[in-house]
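For the single chain, residues carry numbers from 1 onward in sequence order. Note: hydrogens, waters and symmetry copies are ignored here, and every other heavy atom, side chains too, is used.
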Amino acid sequence: MYPETIVYLIMAVSSILSVVAVYLAIMERDLVRAVLYSAIQSGLYTILYYFLMAPDIVLVYLPVAVGLIPGVLLILISKTERVEKE
C-alpha cells in the first residue's frame, strides 16, 4: 500500500468514528458518559487536523477540546444531577 492510501484510510476511519461518538454523545442519558464521548470525538478531530497538516490547530484544539472543556463540564455536572431526566 502507498503511504497516501494509509493516511486516507486513517482519516476515513477517524471521520466515521467521530460521527459515531457524536451520535452516542447526543443519545446518552448519563451526562458524564456524554462528556466522555464528546472528548473522544474531539480527539478524533485532532487526528484529522494533524493529517490535514494543521499542527497549529492541533496544538490549541487538543488541550482545550480534550482537556479543558470536559474538565469544566464534569465539574458542572458534579454540581447537578448526573442523569438527565425526561
Donor-acceptor pair, distance only, cut-off 3.5 Å: does the side chain of Ser38 make one with the backbone of Ala34?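 Not confirmed, Ser38 side chain does not pair with Ala34 backbone.
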Test your reading of the model: is there a side-chain donor-acceptor pair from Ser14 to the backbone of Ile10, 3.5 Å cut-off?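 Absent.
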Measure the spacing between CZ of Arg33 and CE of Met27 and express it to the nearest 0.5 Å.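 It is 14.0 Å, given to the nearest 0.5 Å.
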Pairwise distance OG(Ser18) to OH(Tyr37) - rounded to 0.5 angstrom: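 Atom-to-atom, Ser18:OG and Tyr37:OH are 15.0 Å apart.
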Do the non-hydrogen side-chain atoms of [X] and [Y] ever get within less than 4.5 Å of each other?
| X | Y | result |
| --- | --- | --- |
| Tyr50 | Pro55 | no |
| Ile47 | Phe51 | yes |
| Pro63 | Leu68 | no |

Grouping I, L, V, M, F, W and Y whenever their side-chain heavy atoms are under 4.5 Å apart, do [X] and [Y] come out in a common cluster?
| X | Y | result |
| --- | --- | --- |
| Val7 | Val13 | yes |
| Leu48 | Val58 | yes |
| Leu36 | Leu17 | no |
| Ile77 | Val83 | no |
| Tyr8 | Tyr49 | yes |

When you look at Glu81 and Leu31, which way does the side chain to side chain contact (heavy atoms under 4.5 Å, CB included) test go after all the steps? CA-CA 9 Å; Glu81 294 184 14; Leu31 297 177; over 6 Å; no
Compare every heavy atom of Val64 with every heavy atom of Pro70, then report the nearest pair and how far apart it is.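 Scanning both residues, the minimum pair turns out to be CD-O, 4.2 Å.
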Qualifying residues under salt bridge (Lys or Arg N to Asp or Glu O under 4.0 Å), relative to Arg29, sequence neighbours excluded: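 Checked Arg29 against salt bridge (Lys or Arg N to Asp or Glu O under 4.0 Å); zero matches.
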